[in-house]
Every structure is written in structure tokens, then in C-alpha cells.
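Presented below is the structure to which this report refers.
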Amino acid sequence: MKVRKAVIPAAGFGTRFLPISKAVPKEMLPLVDKPVIQYVVEEAVDSGITDILIVISRSKRAIEEHFHPIMELETELEAKGRTEDVETLRRLQSMARIHFIWQPKMGGLGDAILYAKDHVGDEPFAVLLGDTVVTTKDASRPVTRQLADVVEQHGGSAVALQEVSAEKVSRYGILGGDEIAPGLIRARQFVEKPKPEAAPSRLAVSARYVLSARIFDHLEKTPKGKGGELQLTDAMASLMHEEALHGLRYDGQRHDIGNKLDFIKANLYFGLQREDIGGALREYVNSLAAGVV
Ligand code: G1P
């Protein structure tokens, strides 16, 4: 079955990024001139997704406004002959069918995904965490596309993996299993934020999933886990006893915008690649590093 739908959880408070995240959704913070969530939506679209459900909550309405047309603005830009800006706005609104749903209480990632049950129905779907941009070495094959290929070929579900250091395993969902092809791991264990001594490996889930719709049955019967929240990892570990779960070590980079240092690094990363400002930014960074400014 083709993967056509995606869910983007974007309801979390962003407590690692206060005070800015109090009234401004962390997903709306810019990487140069585009909000983080636009990069995430573009990754989904470039992976063949045509329908996107964004899970939001209080203080997140700016995300809805970003993807909805504002006719008056378009008319005004058109009257001024700013056709390029009009096209940018129209592309933003026509990339995919984008829907929103409200998560009333912060019950964890698993709880956020459960709100997508009726919308997703009975087909495999992608999950892209709304505060993380993932870039791949081969830009024509976004990580969500690579996961969809795994699921379309092997069935079940798949997650993106990156190796982390032993002291960082307690920050992630950690997957253990057997490597059945280069970079492809058939999961045997999946644990949310284990202590280093209990971790089955150092392979951490990296903000991207393609899930079988059967995950919803497991989310409904999974008890609250780490932090008193419904953990997607726990429901996937339960589903793993019925259907295959694969982990894919991808060749690329994860930019977690939910924390301050990585946000600034990501702005440099994307800024340096830009044709319009890249050269000048490189000069500035070099002079900063040399202690000239
Ligand atoms: C969530 C997941 C975790 C995953 C991480 C990064 O944790 O629960 O399994 O490894 O995202 O993708 P959070 O960062 O929301 O605490």
C-alpha cells in the first residue's frame, strides 16, 4: 500500500525554548526565512505525501495561518506586481491538503498520534516531528521517502535511526535488533529513553516514522509510560510482536529546533547553503571564529 498521508505532531509546549515558545510556536521559528514546520511539510511532500494532518494546541494557531490563504494579502501583492511573492504564497497553500486537529491536553507523543486515528483510517502513514528538520546526503531521497520504501517493500512499520553516544541514549527511543541488509535493522527490542546500562543499542529514533494503521489499536491499550505520558515507542514495541518493525540508519543530519544551541546551528547550516546570503555569512562566521568581531 502506498504511503499518502502524514501526521505532524506540533502541540508540545516547547519548554526547552522559553521564553520565546510561550506565545510563538517553536515550529514557527525561522530557519533563515522559512518556519521550521514548512521544511517538515516540504519533506513530506517531496516524499510523495498528499495529505497532512497537523496536531496543534493552545498558542499554535500561527501554524494554521501560515498554511491558509490570506486573499487580501495576495490581492495587494498582485496589485504591486510582486508576482514572485504571490507564487511563493500560492505554492505554500497548494503543496498538499493540510488539515488541523486539536490535542486538548499534553498527554505525550502517543496521545498526539491517537488523535489522528479517524483521519488516517486503515492505511500506513508517516509521522514527522514538527520541531525537527532532517536533511539527507542525497537530497532527492528524503528520509520519509526512504522509510516509505521500506514499508512498501517489507510491510509493517519503519523508523529512522541515528547512532548516539552512550550517555545520550536516555534521551531517545532506542532500538535493538539484527542488521538484515546494510543499514536496515529488523527490530527485536524498542525502549523509550533507557538508562545506558539497559539500552539494547545506541541506535536512536530520529523524529521520522512510517507506521502501520494497527498502531492505533496498540496506542489504545498501552498504559502510560516514561514521564506519565502515552509513549509512541511503547505502543510500537507492543505492535512489534504482531508485525515487522524495521529501523533504517540514514545518511544525513537531524536538526532539532526545540533547543537553543541546535536552533542556532541549524540557522547557520541553512544560511551557509543559501545563494543570496551564504557567502557573506561565511565571511562573518570566519571573522567571528578568528576573533575579529
Ligand atoms: C520523542 C520520542 C523518542 C525519540 C525522540 C526524537 O522524544 O519519544 O522516542 O527518540 O522524540 O525523535 P522527545 O524528544 O519528544 O522527548
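Just follow the structure's listing: the first ligand is 1, and inside any ligand the first atom is 1. The analysis underlying the following values was restricted to heavy atoms, covering all of them including side chains, and did not include hydrogens, waters or symmetry mates. Each residue takes its place number in the sequence, starting with 1. It should be emphasised that the depicted structure is a prediction, and the values quoted were computed from it without experimental measurement.
Put simply, NZ on K34 and CE on M28 are 12.5 Å apart, with the number rounded to the nearest 0.5 Å.
For atom 7 (O) of ligand 1, the nearest protein heavy atom lies under 4.0 Å away.
Between R188 and D178 there is a salt bridge, since at least one side-chain N of the basic residue sits less than 4.0 Å from a carboxylate O of the acidic one.
By heavy-atom distance, the residue among E229, R171, Q231, K193 lying nearest atom 16 (O) of ligand 1 is K193.
Here L129 has side-chain heavy atoms under 4.0 Å from ligand 1, and that is the only part of it that gets that close. Looking at V205 against ligand 1, both its backbone and its side chain come within 4.0 Å, counting heavy atoms.
Summarising the local packing, CG of D276 is surrounded by more than 12 heavy atoms from other residues, nucleotides or ligands at distances under 6.0 Å.
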| request: Output, in order, the C-alpha distance, side-chain angles, deciding distance and verdict of side chain to side chain contact (heavy atoms under 4.5 Å, CB included) for V127 and R208. | output: CA-CA 6 Å; V127 172; R208 299 293 185 266; over 6 Å; no
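Checked against the 6.0 Å centroid criterion, the rings of F216 and Y115 do not qualify as a close aromatic pair. The aromatic ring centres of F100 and H68 sit less than 6.0 Å apart. Side-chain rings of H255 and Y39 stay apart, their centers remaining 6.0 Å or farther from each other.
The protein non-hydrogen atom at the shortest distance from atom 9 (O) of ligand 1 is E192 OE1, 2.7 Å. Among all protein heavy atoms, the one lying closest to atom 12 (O) of ligand 1 is A207 N, 2.8 Å.
For ligand 1 and T233, the ligand atoms under 4.0 Å from any heavy atom of the residue are 9 (O). Heavy-atom proximity to S206, at under 4.0 Å, picks out these atoms of ligand 1: 12 (O).
Put simply, no part of A204 is less than 4.0 Å from ligand 1, judged by heavy atoms. In this structure, R208 does not count as a contact residue of ligand 1, since none of its heavy atoms falls inside 4.0 Å of the ligand.
Contact check for Q189 versus L175: no side-chain heavy atoms found under the 4.5 Å cut-off.
Residue contacts with ligand 1: G173 is placed with a nitrogen or oxygen under 3.5 Å of a nitrogen or oxygen of the ligand (distance criterion only).
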